[in-house]
S.K.: 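Have a look at this one.
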Amino acid sequence: METSTEKSILQIESYQPQAIESKWQQAWDESDLYKTDTSDTHRPKYYALSMFPYPSGRLHMGHVRNYTITDVIARFKRMHGFNVLHPMGWDSFGLPAENAAIQNKIPPAEWTFNNIDNMRRQLKQLGLAVDWDREVFTCREDYYKWTQWMFLYLFQRGLAYKKEAPVNWCEVCQTVLANEQVIDGRCWRDDSIVTKKKLSQWFFKITDFADRLLANLPKLKGWPDRVLTMQRNWINRSAGAEVEFPVEGRNIKIPIFTTRPDTIFGVTYMVLAPEHPFVELLVSEEQRESVDQYVELTKRKTEIERTATDKEKTGVPLGINVINPYNGETVSLWVSDYVLMEYGTGAVMAVPAHDERDFEFATKFRLPIKRVIENPATPGLPLDQAYTETGVLVNSGEFTKLDSETAKQKITELAQKKGFGREKVQYRLRDWLVSRQRYWGTPIPIIYCDKCGTVPVPDEDLPVRLPKDVDFGVQGTSPLATSTSFRNVPCPKCGGVGRRETDTMDTFVDSSWYFLRYIDPHNATKPFEPSDIHHWMPVDQYVGGIEHAILHLMYSRFFMMALHDSGWTETDEPFKNLLTQGMVLKDGAKMSKSKGNIVDPDEIFKEYGADTARFFILSDSPPQADFDWKESAVEGCYKFLHKVWRTVTDRKTSINLDLPVPAYEEMTGESRELYQWSNRTIQGIVNDIESEFQFNTVISKLRELVNFMAKYEPAAGAPDAVLSHAVSTLLKLLAPIAPHLAEELWQQMGGVGSIHVQTWPTHNPMALQADTVEIVVQINGKVRDKFPVASGLPKEELEAMARQRPKVIQNIGEQQIVKVIVVPDKLVNLVVK
RNA sequence: GCCCCUGUGGCGGAAUGGUAGACGCUGCAGACUUAAAAUCUGUUGUCCGCAAGGACAUGCCGGUUCGAGUCCGGCCAGGGGCACCA
């Protein structure tokens, strides 16, 4: 039986993560260890940023992974002498708070702040080196006041406007959605089918920046290719021409957009989108009934039904012709839903010979197919499908025999000269719809007045506060409309009767500038101080999920450009380097409530401690790849941290961190080898971190070092200088990943000051190479023998040694050595014939 | 259809053109223990062989090279983005 005294001694001596973690978290907090003085410009700056969380109430492993990665980077940079800014905040407006309000009768603010309190506790338990004085909350007045300011900033520059348009409506969320929030015709949030509604809504003119958003992409060298490609696809620039086709017998011209003006002599009909205003205007009396029917039918289709590519083409003629301005030919005008009103001009010239869709349509409705580009593979043969390549023009009047590229130019030039067309660049990107018919968001600071029209709320009246006297359950309109005190206000311009805009902003507006507020979070007179932004922006390393590849990352780029253009920021790109971390899986499957395979961070903290969680989540996969959470592997990490503890504390009597390291030349045997291990580890880890933060290999190198240390027998009697150096090195290298354990051992070994303000160890270049190396002997590239040798021997000597190896002699036999390749310290390859 | 990424043991994954499988997880065998836990040691790609050793192995087929997981060309498979975008 052990006595209680023995037990307590045992407890102190063994690794107790929970005890040391809360102890150090408190100590760091009290000593303001992680506060950032943003006015200190002596040290180089480093801005490490995680995508801030939505306060759902509980941290999930995706958060743990995201914030651990950023935290390790921040700590690593701090130990490298950077003045590091590593903030945290809350993307705290949004629909779930409102749903909770309806379901549980809790005010959205209360629900949100309760969640924040719990999640902040969890983040602190994770041991993040975050400056909590800079915490921002997008749902708090001191933040959304400036989101409103941003809206007005855009409004005053013509970049925020209201228009009536067919917009995406989600029946479940009871609000409109931005194009970026509709995925395959479904709502990004709840997967329900999105319908079109014609509504008057606020938009941000992101299309004004389409070219710049695209042109800057190659400059973002620190971004993953994947994300750049996604943004490029989303913006989708096409260069071509706009050409006007006059309507026969009417004084109307229909503009069309085409990327293939070289095929314009092959136009055999023209098509309008069903929503095109000219449909109503141009339809003949005979065709009116069938056209009306067709348009009506289209309206009832969902976006998914309409845009299915495998669907058979449908359409109706309008009973009127248009004239091709190039050759005077008259061709019939049709309406069909394969033409989209939102893209180009909502009208297309149809060239069935050289466009697949037109070919299909023309075949079905027996419309003429006229070839104007020669297919070199089948010259003169009838087309059985559209030939969509470029080539040499035929049947094209004066442009015949030109190649497509030249023809495009000349044909466009002619239109320009004659005034019926021009060069045009078209983007797929649409303006960003920012109105939401929801309560829990930033109110749009606009007042409508019958006399003055749309009036911005003056800056001094900001913030426009969210009212509390609202009915959350109201359908189809913003709950803000149910507050009469909110809604009815005097016009700021004339003092007459006015009424407030009752929609709130898309929460993506809130998150489009939060990284600027962190730099100057308490500024009461401006959203931020421009000179501080100049120093701190761009963000040096942004870390977050791939799901924001388009949405948040493009919106933020747009905001930055808009702010830059009036001198508010020096740079026009917010994020210099971007790391998109992979998902956290559990035994190969995505963690989800429905599968019941969620691993709760709190349980892990309780059972193993935060250091194990941090260590494990970095260990098994590189940060960009998906990560599989395996219980047995967590256990392995926990055991390793115990091993670190034992390895260091067991050798305490041999450790003196102040002891100078003897000259390398004087080291011998095991201790010389240990010193080499320490130095190789330092160099290897720095390389791993600098090449895209490969923390998984950082961890394997730490394990190798500890494995060697665990077997190392310190010199008896006096403190061991080389071992002390190894311990000091190990703890510093471990500090960013397992900050609590490293701090505790550092203090126990007599370290001065926090380990987290120590300078990162540097390697001794002399000690990187082991004293003996194994030379591989290859014959014709195949390994035939190996032998140990002192490192650094010259090539000739290695070759001579290799030639004398019995195995080599035996293997070569009668054959002649025709060539020898020697890689010093590595291999000798004998080429024989 | 267009564009991007990824293919390596039972698993996660390592490999500046130079010993493929580091480091782990799992499994197996053993030591310590009355026993268990913890810890430690060995072993763990496949096939042939008692062994020494040998052959085959990085999705497939070619090429460059003294030497290819790595570079080049062509396929195949998986994942992702865009898509009746004119």
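Treat the numbers as computed from the prediction; the structure is a model and nothing was measured. Each chain gets a letter, A, B and so on, in the order the sequences are listed, and its residues count up from 1.
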S.K.: Considering just the side-chain nitrogens and oxygens of A:S238, establish if one lies under 4.0 Å of OP1 or OP2 belonging to B:A86.
M.R.: yes

S.K.: Is there a side-chain contact between A:K782 and the phosphate of B:C56, meaning an N or O under 4.0 Å from OP1 or OP2?
M.R.: yes

S.K.: Between B:G18, B:C3, B:U19, which nucleotide gets closest to the side-chain atoms of A:N233?
M.R.: B:C3

S.K.: When you check the gap from the basic side-chain N to the acidic O, do A:R237 and A:D211 get nearer than 4.0 Å?
M.R.: yes

S.K.: Using the closest heavy atom to pick a nucleotide of RNA chain B for each, name whichever of A:T345 or A:I699 lands nearer the 5' end.
M.R.: A:I699

S.K.: To the nearest Å, how far apart are A:M230 CE and B:C3 P?
M.R.: 17 Å

S.K.: Between the side-chain atoms of A:N829 and the base atoms of B:C66, is any donor-acceptor pair under 3.5 Å?
M.R.: yes

S.K.: Report yes or no: is there a donor-acceptor pair, N or O only, under 3.5 Å between the side chain of A:R430 and the base of B:C85?
M.R.: yes

S.K.: Step through it carefully: locate the ring centre of A:F245, locate the ring centre of A:F420, and say whether they are under 6.0 Å apart.
M.R.: no

S.K.: Roughly how many Å apart are B:A20 and B:C84, using the C1' atom of each and rounding to a whole number?
M.R.: 49 Å

S.K.: Across all strands, who's sitting opposite B:G1 as a Watson-Crick or G-U wobble pair, both distances under 3.5 Å?
M.R.: B:C82

S.K.: Has the side chain of A:K313 got a donor or acceptor atom sitting under 3.5 Å from an opposite partner on the base of B:C84?
M.R.: yes

S.K.: What is the pairing partner of B:C50, taking Watson-Crick or G-U wobble pairs with both distances under 3.5 Å in any strand?
M.R.: none

S.K.: Can you check the distance between B:U34 and B:U43, where both ends of the measurement are the P atom (answer in whole Å)?
M.R.: 28 Å

S.K.: Name the closest nucleotide to the A:T229 side chain, picking from B:C3, B:G12, B:C66.
M.R.: B:C3

S.K.: Calculate the interatomic distance between A:Y269 atom OH and B:A86 atom P; express it in whole Å.
M.R.: 16 Å

S.K.: Looking only at side-chain N and O atoms, does A:R784 come under 4.0 Å of OP1 or OP2 in B:A55?
M.R.: yes

S.K.: If we call it a pair only when both distances are under 3.5 Å in a Watson-Crick or G-U wobble match, what pairs with B:A20?
M.R.: none

S.K.: Look at the side chain of A:K630 and decide which nucleotide, out of B:C82, B:C25, B:C85, has an atom nearest to it.
M.R.: B:C25

S.K.: Which whole-number value in Å describes the distance from A:K586 NZ to B:G12 P?
M.R.: 15 Å

S.K.: Expressed as a whole number of angstroms, how long is the span from A:N179:CG to B:C85:C1'?
M.R.: 12 Å

S.K.: Could you tell me which nucleotide pairs with B:C25 by Watson-Crick or G-U wobble geometry, both distances under 3.5 Å, or answer none if nothing does?
M.R.: B:G10

S.K.: Taking atom P of B:C25 as reference, at what distance in whole Å does atom CZ of A:F616 sit?
M.R.: 11 Å

S.K.: Report yes if the distance between the aromatic ring centroids of A:Y608 and A:F615 is under 6.0 Å, otherwise no.
M.R.: no

S.K.: Tell me the partner of B:G73, counting only Watson-Crick (N1-N3 plus N6-O4 or O6-N4) or G-U wobble (N1-O2 and O6-N3) with both under 3.5 Å; none if nothing fits.
M.R.: B:C61

S.K.: Charged N to carboxylate O under 4.0 angstrom, A:K408 versus A:E405?
M.R.: yes

S.K.: What nucleotide among B:C66, B:A86, B:C85 has an atom nearest to a side-chain atom of A:N236?
M.R.: B:C85

S.K.: Nearest to the side chain of A:T697, heavy atoms from C-beta on, is which of B:C23, B:A15, B:G12?
M.R.: B:A15

S.K.: Ion pair present between A:D191 and A:R186, side-chain N to carboxylate O less than 4.0 angstrom?
M.R.: no

S.K.: Looking only at the side chain of A:E774 (C-beta and beyond, no hydrogens), which of the listed nucleotides B:C5, B:U19, B:A55 gets closest?
M.R.: B:U19

S.K.: Strictly below 4.0 Å, N to O, side chains only: are A:D262 and A:R260 in salt-bridge contact?
M.R.: yes

S.K.: Where the side chain of A:W234 is concerned, which of B:C82, B:G12, B:A38 is the nearest nucleotide?
M.R.: B:C82

S.K.: For B:G9, measure the glycosidic angle (O4'-C1'-N9-C4 for a purine, O4'-C1'-N1-C2 for a pyrimidine) and name it syn if it falls within 90° of 0, otherwise anti.
M.R.: syn

S.K.: Quick check on B:C40: is either OP1 or OP2 less than 4.0 Å from any side-chain nitrogen or oxygen of A:R646?
M.R.: yes

S.K.: Give the rounded distance in Å between these two atoms: CD of A:E356 and P of B:A86.
M.R.: 13 Å

S.K.: Decide, yes or no, whether a salt bridge links A:E635 with A:K630 under the criterion of side-chain N to carboxylate O below 4.0 Å.
M.R.: no

S.K.: Judged by each residue's nearest nucleotide on RNA chain B, which is more toward the 5′ side, A:S621 or A:G346?
M.R.: A:S621

S.K.: Does the structure show a Watson-Crick or G-U wobble partner for B:A68, both distances under 3.5 Å? Name it, or say none.
M.R.: none

S.K.: Taking only the side-chain heavy atoms of A:Q778 (C-beta and beyond), determine which of B:A86, B:C23, B:G18 contains the nearest atom.
M.R.: B:G18

S.K.: Are OP1 or OP2 of B:C66 and a side-chain N or O of A:K819 less than 4.0 angstrom apart?
M.R.: yes

S.K.: Measure the distance from NZ on A:K711 to P on B:G42 and round it to the nearest whole Å.
M.R.: 6 Å

S.K.: Among B:C85, B:A22, B:G13, which nucleotide sits nearest the side chain of A:A625?
M.R.: B:G13

S.K.: Please determine, by modelled atom types, if A:K643 and A:N707 share a side-chain donor-acceptor pair under 3.5 angstrom.
M.R.: yes

S.K.: Counting side-chain heavy atoms from C-beta on, which of B:C66, B:U19, B:A86 comes nearest to A:T258?
M.R.: B:A86

S.K.: Just the rounded figure in Å: distance from C1' of B:A86 to CE of A:M270.
M.R.: 11 Å

